[in-house]
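By convention in this document, chain letters (A, B, ...) are assigned in the order of the sequence lines, proteins followed by strands, and residues within each chain are numbered from 1.
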Amino acid sequence: MRDVADPSDLLDWYDHNARALPWRVGPRARADGVRPDPYRVWLSEIMLQQTTVAAVKSYYEVFTARWPTVSDLAAARDEDVMAAWAGLGYYARARNLLKCARVVAEEHGGVFPADLDALRALPGVGPYTAAAVGAIAFDLPATVVDGNVERVMSRLHDEHTPLPAAKPILTGYAEALTPDGRTGDYAQAVMDLGATICSPRNPACGLCPWRRACAAWEAGTQAELPKKTPKKRKPTRLGIVYLARRVDGAWLLERRPDRGLLGGMLGWPGSEWGEAPQEAPPIRAEWKEVAGEARHTFTHFHLRLKVMTALVPMERQPDVGDFVEQAEFSPADLPTVMRKAFDLARG
DNA sequence: TACGCGTGGAG
DNA sequence: TCTCCAAGCGT
């Protein structure tokens, strides 16, 4: 006979196995009354959306060192925040991060609201992030449902309905299991379990505190859960980018519009990206094609970029973009696809 | 509901 | 090289 999953068993496991993370107040310190800074919890949760812990760590350190409070961040220049986010991906998060910081600074007195509805109303804060900040920062009664929780619940209940249709079902399971107290520790415990034990591939069921309650373990189906609806395969698009260097070393760059792909980020001027891109030099010059191509894969398409370079005289004015002084330009400020084009051009 | 939206690492 | 995927959100 299978046991019923007990939240206490998971909390006991978490007390001994919690990962040490830069943004986390561990279970022992939390028991001693230490409370996490809601700003840091929120910042980390935004960064962690669809992004690995390993990728987030260095960005988190840079942001918290440069902007220690939400009011500091609210006062930052847009271009500085976008540059600091460059390489982390999903740039709408950075734009909403700034919007949110400014709303908190101006409408909430620089203090994150300890209220689930108020959190949910903030830019870039959806159901998951509101629950995570509410539980972790304030121990509010909230259930986090992220990819980890979906996986754990689908296995615990041997739920074969494919995602995303299964989401409401799995959410119901997760809510039914959430304890009344220690909601912050519990939220982090389920996610740690999913990240370290109940992993997508080769789950370590032998170490799982909920093994005796797990329907998938009993049925031997854990490796095939959660079920997902098949994704479409990615088409390939072509494009041309133009790297113009002025004789004084300045680079010709353009700020991309706030909406859409790479919105708000710096980039090289170029053609549209499609099946047969048309030449679109941003300034009159003798353009030379760089050997090879820059390849990059986005969420929903592959891109192959032809890279053109030219040296232009001081007086010549660009039709598109603006020259950025050499001292003010760092390739690290570019989104990865644009940095790849830069790397290719520089050899 | 379905799609657009990045990137780097694992296998 | 290729597929999957990692603490989702906005539209």
Practice task
Would you give the length of the straight line joining atom CG of Asp248(A) to atom CD of Glu325(A), rounded to the nearest 0.5 angstrom?
Solution key: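 That separation rounds to 5.5 Å.
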Exercise for the section: For atom CD of Glu272(A), decide whether the heavy atoms of other residues, nucleotides or ligands shown that lie under 6.0 angstrom number more than 12. Expected result: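 No, the 6.0 Å shell around CD holds no more than 12 heavy atoms from other groups.
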Exercise for the section: Would you indicate whether Asp32(A), at its atom CG, is surrounded by more than 12 heavy atoms from other residues, nucleotides or ligands within a distance under 6.0 Å? Expected result: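 Result for CG/Asp32(A): enclosed.
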In [range], which ones come under 4.0 Å of DNA chain C, going by heavy atoms?
range: residues 164-194 of chain A; result: Met191(A)
range: residues 114-140 of chain A; result: Pro123(A), Gly124(A), Val125(A), Gly126(A), Pro127(A), Tyr128(A), Thr129(A)
range: residues 330-347 of chain A; result: none

Handout entry: Nearest-Å distance once atom P is located in both dC9(C) and dG8(B)
Key =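 The same atom, P, in both gives a distance of 23 Å.
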Handout entry: Rounded P spacing from dA6(C) to dC5(B) in Å
Key =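 So the two P atoms sit 22 Å from each other.
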Exercise for the section: Could I get the full list of side-chain hydrogen bond (donor to acceptor under 3.5 Å, both in side chains) partners for Thr69(A), not counting sequence neighbours? Expected result: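 Here the qualifying residues are Asp72(A).
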Would you call [X] and [Y] a salt bridge, using N to O less than 4.0 angstrom?
X: Asp343(A); Y: Arg339(A); result: yes
X: Arg295(A); Y: Glu293(A); result: yes
X: Glu150(A); Y: Lys167(A); result: yes

Practice task
Using chain A heavy atoms and a threshold of under 4.0 Å, write down where along DNA chain B the contacts begin and end, 5' to 3'.
Solution key: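 Range of nucleotides within reach of chain A: dC3(B) to dG11(B).
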Mind calculating the distance between [atom1] ([X]) and [atom2] ([N]) to the nearest angstrom?
X: Lys232(A); N: dT3(C); atom1: NZ; atom2: C1'; result: 17 Å
X: Ile46(A); N: dG8(C); atom1: CD1; atom2: P; result: 11 Å
X: Gln49(A); N: dA6(C); atom1: CD; atom2: C1'; result: 11 Å
X: Asn202(A); N: dC5(C); atom1: CG; atom2: C1'; result: 14 Å
X: Arg95(A); N: dT11(C); atom1: CZ; atom2: C1'; result: 13 Å
X: Glu150(A); N: dG8(C); atom1: CD; atom2: C1'; result: 10 Å
X: Lys227(A); N: dC4(C); atom1: NZ; atom2: C1'; result: 16 Å
X: Glu45(A); N: dA6(C); atom1: CD; atom2: C1'; result: 13 Å

Exercise for the section: Give a yes-or-no answer on whether the side chains of Ser271(A) and Glu279(A) include a donor-acceptor pair shorter than 3.5 Å. Expected result: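 No, no side-chain donor-acceptor contact under 3.5 Å.
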Practice task
Indicate whether the side chain of Glu45(A) and that of Tyr128(A) have a donor and an acceptor atom separated by less than 3.5 Å.
Solution key: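 A donor-acceptor contact under 3.5 Å links the two side chains.
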Exercise for the section: Taking ring-ring contact (aromatic ring centres under 6.0 Å, His included) as the test, write out the residues that go with Phe138(A), two or more places apart. Expected result: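 Phe138(A) satisfies ring-ring contact (aromatic ring centres under 6.0 Å, His included) with no residue once adjacent residues are dropped.
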Problem - ring-ring contact (aromatic ring centres under 6.0 Å, His included) partners for Trp13(A), two or more places apart - result: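 With sequence neighbours excluded, Trp13(A) shows a ring-ring contact (aromatic ring centres under 6.0 Å, His included) to no residue whatsoever.
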Practice task
Using the six-membered ring of Trp273(A), assess whether NZ or CZ of Arg256(A) lies under 6.0 Å from its centre and within 45 degrees of the ring axis.
Solution key: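 Yes, Arg256(A) lies over the aromatic ring of Trp273(A).
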Practice task
Would you mind classifying the nucleic acid contact of Gly87(A) as base, sugar-phosphate or nothing, using non-hydrogen atoms under 4.0 angstrom?
Solution key: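 Sugar-phosphate contact only.
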Selection: [range], any non-hydrogen atom under 4.0 Å of DNA chain B:
range: residues 6-23 of chain A; result: none
range: residues 50-61 of chain A; result: Gln50(A), Thr51(A)
range: residues 96-104 of chain A; result: none

Exercise for the section: Start with the C-alpha gap between Arg30(A) and Asp139(A), add the side-chain angles, then the distance that decides, and say whether salt bridge (Lys or Arg N to Asp or Glu O under 4.0 Å) holds. Expected result: CA-CA 11 Å; Arg30(A) 186 67 192 84; Asp139(A) 268 327; 2.7 Å; yes
I'd like to know whether the aromatic ring centres of [X] and [Y] sit less than 6.0 Å apart in this structure.
X: Phe63(A); Y: Tyr39(A); value: no
X: Tyr242(A); Y: Trp287(A); value: yes
X: Tyr59(A); Y: Trp85(A); value: no

Handout entry: Pairwise salt bridge (Lys or Arg N to Asp or Glu O under 4.0 Å) hits with a residue in residues 185-213 of chain A, at least two apart
Key =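 Found Asp3(A)-Arg212(A), Arg19(A)-Asp192(A), Arg24(A)-Asp192(A), Arg182(A)-Asp185(A).
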Exercise for the section: Please assess Asp80(A) against Arg66(A) for the test salt bridge (Lys or Arg N to Asp or Glu O under 4.0 Å), listing each intermediate value before the final yes or no. Expected result: CA-CA 10 Å; Asp80(A) 289 341; Arg66(A) 187 166 177 184; 3.6 Å; yes
Problem - Linked, directly or transitively: Leu116(A) and Leu122(A) (ILVMFWY side chains, under 4.5 Å) - result: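 In one cluster: yes.
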Handout entry: Summary of ring pair (Phe, Tyr, Trp, His ring centres under 6.0 Å) pairs that have at least one residue in residues 171-224 of chain A, sequence neighbours excluded
Key =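 Ring pair (Phe, Tyr, Trp, His ring centres under 6.0 Å) check on residues 171-224 of chain A returns His157(A)-Tyr173(A).
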Practice task
Only one of His300(A), His302(A), His296(A) passes ring-ring contact (aromatic ring centres under 6.0 Å, His included) with Phe298(A); say which it is.
Solution key: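 So, applying the ring-ring contact (aromatic ring centres under 6.0 Å, His included) to Phe298(A) and each of His300(A), His302(A), His296(A), only His296(A) qualifies.
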